[in-house]
**Q** 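Starting off with a structure, shown below.
Chain letters run A, B, ... following the sequence lines, proteins first and then strands; every chain starts at 1.
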2 protein chains.
Amino acid sequence: MDDKPANGRSGGWKQDPAGVRKNILAVAMAEFAANGLSGARIDEIAAKTSTSKRMIYYYFGDKEGLYRRVLEEAYREVRAGEQELELDHVPPVEALKLLAEFTFDHHSRHPDFIRLVMIENIHHGAYLERSELIRPLNAGAVQKLETICRRGREVGVFREDVTPLQLHWHISAMSFFNVSNRTSFSHIFGTDLFSAGGQEALKKQMVEMVVGLALKPHRRSRGSAESRRHFRGDTK
Amino acid sequence: MDDKPANGRSGGWKQDPAGVRKNILAVAMAEFAANGLSGARIDEIAAKTSTSKRMIYYYFGDKEGLYRRVLEEAYREVRAGEQELELDHVPPVEALKLLAEFTFDHHSRHPDFIRLVMIENIHHGAYLERSELIRPLNAGAVQKLETICRRGREVGVFREDVTPLQLHWHISAMSFFNVSNRTSFSHIFGTDLFSAGGQEALKKQMVEMVVGLALKPHRRSRGSAESRRHFRGDTK
DNA sequence: ACCACTTTGTACAAACCGGTTAATTTGCTA
DNA sequence: TAGCAAATTAACCGGTTTGTACAAAGTGGT
C-alpha cells in the first residue's frame with residue numbers, strides 16, 4: 001500500500017544497548033522518585049532520555065517492569081555504599097555511634113532512594129515483595145548492630161532489654177524522617193533544622209539518644225526524684 | 001427531539017449540602033490516602049459516595065480542589081484531637097512524657113493522615129503550599145512544647161541547648177516513621193515490633209530517649225570513661 | 001408563589017497515556 | 001557481501017479518565 005516508506009531521516013546512530021539501558025534507568029529513577037509510580041509518565045521519561053519510548057518497552061517490558069528494575073537498582077547502589085563501613089575493630093559504643101552517624105548521613109545523601117521507599121510504603125510494598133534483592137540489604141544493617149550489641153553486652157555496658165532490631169528502628173526512624181518529611185516540615189517550621197548547623201545538631205542529638213538508650217542506666221549521684229523515675233521507665 | 005424527558009425517577013430526596021460534602025470528603029480521603037493523588041480515580045470516589053460524580057465537581061471544582069480540601073480536612077481533624085491534650089497542670093517532665101506518648105498513639109490511630117502527609121512530601125508539598133490553613137495548625141503542636149520547655153528550664157531540669165522544635169522533630173520522626181514505614185519494615189524484619197507488646201516497648205523507649213535528651217545531663221557516679229564521653233557528645 | 005440553591009442522570013468530548021505496529025538501520029559473521 | 005538478529009525510530013491505537021453539556025426537577029426559605 002505504501003509505496004513511499006517515508007522513514008525517519010536516515011541519520012546515523014550507534015548501537016549501545018548497555019548505555020541505553022543505563023540512561024533509561026537513571027532517568028526513570030529520578031522520575032519515579034519525583035512523581036511516584038502512577039504519577040510518573042512514560043512519555044515524560046522517554047522525553048528525558050536520549051532515546052525513545054519504544055526502547056523502554058523493548059528493554060523493560062512495561063511500566064511496572066521498569067519500576068521494579070529501578071527499585072532494585074536503587075537498593076543495589078545504596079547497599080554498595082553501606083558495605084564500606086567497617087566497625088569490627090572499634091569498641092562497641094564507638095561503633096554504635098559511628099553506625100548511627102553513618103546512617104544519618106547516608107540517607108541524607110540518597111534522597112531519591114528514600115523517596116522510592118516512601119512510594120513503596122504507599123503502595124503497601126506490593127513490588128518489594130517480588131524482589132528478593134531487598135531483604136538482605138536491610139538485614140545487613142541489623143547484622144552489624146547485632147555484632148555491636150553482643151560485644152557491648154560482653155563488656156557489660158549495654159542493656160540486655162534493648163534489641164538490635166529496636167535500635168535499628170530508632171536510628172532508621174530519625175535518619176529516614178529527616179529526609180522523607182523535609183518538605184512539609186520546612187514549609188511549616190522553616191528551614192533552620194536543615195541548615196548545615198541544624199543538621200549537625202540533629203545528628204548529634206540522635207546519636208546521643210540512641211547511645212543513651214543502648215547503654216546501661218547508671219545510678220545518678222544527684223538529680224530530682226522525678227527525673228530519675230522517668231529514666232527507669234516505670235510509670236504505673 | 002425528545003418528547004419524553006425521561007428524567008430520573010421523581011423519588012423524594014432531602015437537601016443536605018453539608019452532609020453530601022462531608023460524605024464526599026470522607027470517601028475521597030480514604031481513596032487519596034490509599035492510592036495517592038494521581039492513583040485515585042474520580043469515578044471510583046464517586047461510586048463509593050452516596051451521591052454522584054456530578055456533585056463532586058459541583059462542590060469541589062476539580063480533582064485538585066478536592067484533594068486540597070481533603071488535605072485541609074485531614075489536618076484539621078488530627079489537630080483537633082491534639083488540642084484535647086491538657087498539660088498545663090502537669091509538671092514539665094511528666095508533660096513532655098505525656099505529649100510524646102500521645103503523639104505516638106495519635107499517629108498510630110490516624111494512618112490515613114500519615115499517608116496523606118507522605119503523599120504530600122512526594123509531591124514536594126505543592127498543595128500544602130497553597131493552603132494557609134495548615135501552617136497555623138502545626139504551629140500549635142510546637143507551642144505546647146515551647147510551654148513545656150520554658151517551664152522545665154525555669155525549674156532547672158531541662159537543658160538550654162535543646163529547642164522545642166528539635167524535640168518536636170524527634171518525637172514526630174519516631175511516631176511518624178512507626179506508621180509510615182510499617183509495611184516495608186515488617187516485610188523485611190517480621191511483625192514483632194508491631195505486636196501490642198512490641199509497640200508498647202518502642203513507645204516506652206522513644207519516650208525515654210526524648211526525655212533523656214531534654215533533661216540536663218547528670219554527673220554519673222560510676223560508669224566507663226568511654227560511655228561518659230559519648231554522653232557529652234564531644235567526638236573530635 | 002417565587003427563586004436560588006441543590007440534586008439527579010446521562011451522554012459525551014477531549015485529553016491523556018500505556019502500549020503496539022511496522023519499517024529501517026546497524027553491525028556481526030559466515 | 002549477503003544474510004540476519006539485535007537495536008532503533010516514528011507513527012499510531014484504543015482504553016481510560018477527567019471534566020462538561022444538557023436537561024430536568026425537587027427543596028426550602030421568604
Side-chain angles (χ1 to χ4, degrees), chain A residues 1-25 27-28 31-32 34-70 119 123 126-127, chain B residues 1-28 31-32 34-70 123 126-127:
Chain A
M1 314 308 176
D2 317 317
D3 51 358
K4 198 100 49 88
N7 64 317
R9 59 214 142 298
S10 351
W13 49 269
K14 279 276 185 79
Q15 284 190 185
D16 182 17
V20 168
R21 284 180 74 103
K22 204 170 147 187
N23 178 227
I24 292 175
L25 270 182
V27 172
E31 281 297 300
F32 280 127
N35 304 102
L37 173 51
S38 42
R41 300 287 164 237
I42 290 279
D43 286 307
E44 188 65 21
I45 294 173
K48 290 183 179 172
T49 60
S50 50
T51 157
S52 68
K53 178 162 78 157
R54 185 62 187 82
M55 299 297 346
I56 294 174
Y57 289 97
Y58 183 69
Y59 281 121
F60 299 97
D62 59 6
K63 195 180 185 182
E64 287 197 7
L66 176 60
Y67 176 71
R68 227 171 303 139
R69 287 301 316 274
V70 163
I119 292 164
H123 288 265
Y127 303 92
Chain B
M1 314 306 177
D2 318 315
D3 50 359
K4 200 98 48 88
N7 64 316
R9 61 212 143 297
S10 347
W13 49 270
K14 280 274 185 79
Q15 278 193 186
D16 182 16
V20 168
R21 286 178 73 103
K22 204 170 147 188
N23 177 229
I24 293 175
L25 272 181
V27 172
E31 282 296 302
F32 280 128
N35 305 101
L37 172 52
S38 41
R41 301 285 167 240
I42 290 279
D43 286 308
E44 187 65 21
I45 294 172
K48 289 183 179 171
T49 60
S50 50
T51 162
S52 66
K53 178 164 79 159
R54 187 65 191 79
M55 299 280 26
I56 295 176
Y57 287 98
Y58 183 67
Y59 279 121
F60 299 97
D62 58 6
K63 194 181 184 181
E64 286 198 6
L66 177 60
Y67 176 71
R68 226 173 304 139
R69 287 302 315 272
V70 162
H123 288 266
Y127 303 92

**Q** In whole angstroms, how far is the C1' atom of D/dG26 from the CE atom of B/M55?
**A**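 It works out to 13 Å between those atoms.
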**Q** Measure from OH on A/Y67 to C1' on C/dG18 and round the result to the nearest Å.
**A**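 Going from OH in A/Y67 over to C1' in C/dG18 covers 17 Å.
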**Q** Rounded to whole Å, please give me the gap between CD in B/E31 and P in D/dT18.
**A** 11 Å
**Q** Could you measure the distance from the OG atom of A/S38 to the NE2 atom of A/H123? Nearest 0.5 Å is fine.
**A** 5.0 Å
**Q** If you only use heavy atoms from C-beta on, which nucleotide in D/dT18, D/dT9, C/dG18 is closest to the side chain of A/D43?
**A** C/dG18
**Q** To check you understand the geometry: which heavy-atom pair defines the closest contact between B/A46 and B/S52, and what is its length?
**A** CB-C, 4.2 Å
**Q** Taking all non-hydrogen atoms of both residues, which atom of B/A40 and which atom of B/K63 are closest, and how far apart?
**A**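 It is O-NZ, 2.9 Å.
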**Q** May I have the distance from A/K53 (atom NZ) to C/dG19 (atom P), rounded to whole angstrom?
**A** 9 Å
**Q** Counting heavy atoms from C-beta on, name the nucleotide in C/dG19, D/dG26, D/dT18 closest to the side chain of B/Y57.
**A** D/dT18
**Q** With a 4.0 Å heavy-atom cut-off, tell me which residues in residues 59-66 of chain B come close to DNA chain D, sorted by residue number.
**A** B/D62, B/K63
**Q** Classify the side chain of A/R54 versus the base of C/dT21 as yes if they form a donor-acceptor pair under 3.5 Å and no if they do not.
**A**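 For A/R54, whose side chain was compared with the base of C/dT21, there is a donor-acceptor pair (under 3.5 Å).
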**Q** Nearest-Å distance, CD1 (B/I45) to C1' (D/dT17)?
**A**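 Computing the B/I45:CD1 to D/dT17:C1' distance gives 12 Å.
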**Q** Start with the C-alpha distance between A/K53 and A/Y57, add both sets of side-chain angles, then the distance that settles side-chain contact (heavy atoms from CB on, under 4.5 Å), and finish with yes or no.
**A** CA-CA 7 Å; A/K53 178 162 78 157; A/Y57 289 97; 3.8 Å; yes
**Q** With heavy atoms under 4.0 Å as the rule, sort B/A40 into base, sugar-phosphate or nothing.
**A**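 Here B/A40 touches the backbone only, sparing every base.
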**Q** Using whole Å, what does the distance between atom P of nucleotide D/dT16 and atom CD1 of A/I42 come to?
**A** 18 Å
**Q** For C/dT8, take OP1 and OP2 only and decide whether either is under 4.0 Å from a side-chain N or O of B/T51.
**A** yes
**Q** Within the structure provided, determine whether A/I119 and A/Y67 are in side-chain contact (heavy-atom separation under 4.5 Å).
**A** yes
**Q** Let me confirm one number: the CZ-CD1 distance from B/F60 to B/I45, rounded to the nearest 0.5 Å.
**A**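 Here the rounded value is 10.0 Å.
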**Q** Quick one: does B/Y127's side chain get under 4.5 Å of B/L37's, heavy atoms only?
**A**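 Answer yes - side chains close enough.
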**Q** According to a strict under-4.0 Å criterion, is A/S52 in side-chain N/O contact with OP1 or OP2 of D/dT9?
**A** yes
**Q** Once you round it to whole Å, what is the distance between C1' of C/dA22 and OH of A/Y58?
**A**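 Taking atom C1' of C/dA22 as the reference, OH of A/Y58 is at 15 Å.
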**Q** Return the value, rounded to whole Å, for the distance between atom CD of B/Q15 and atom C1' of C/dC3.
**A** 12 Å
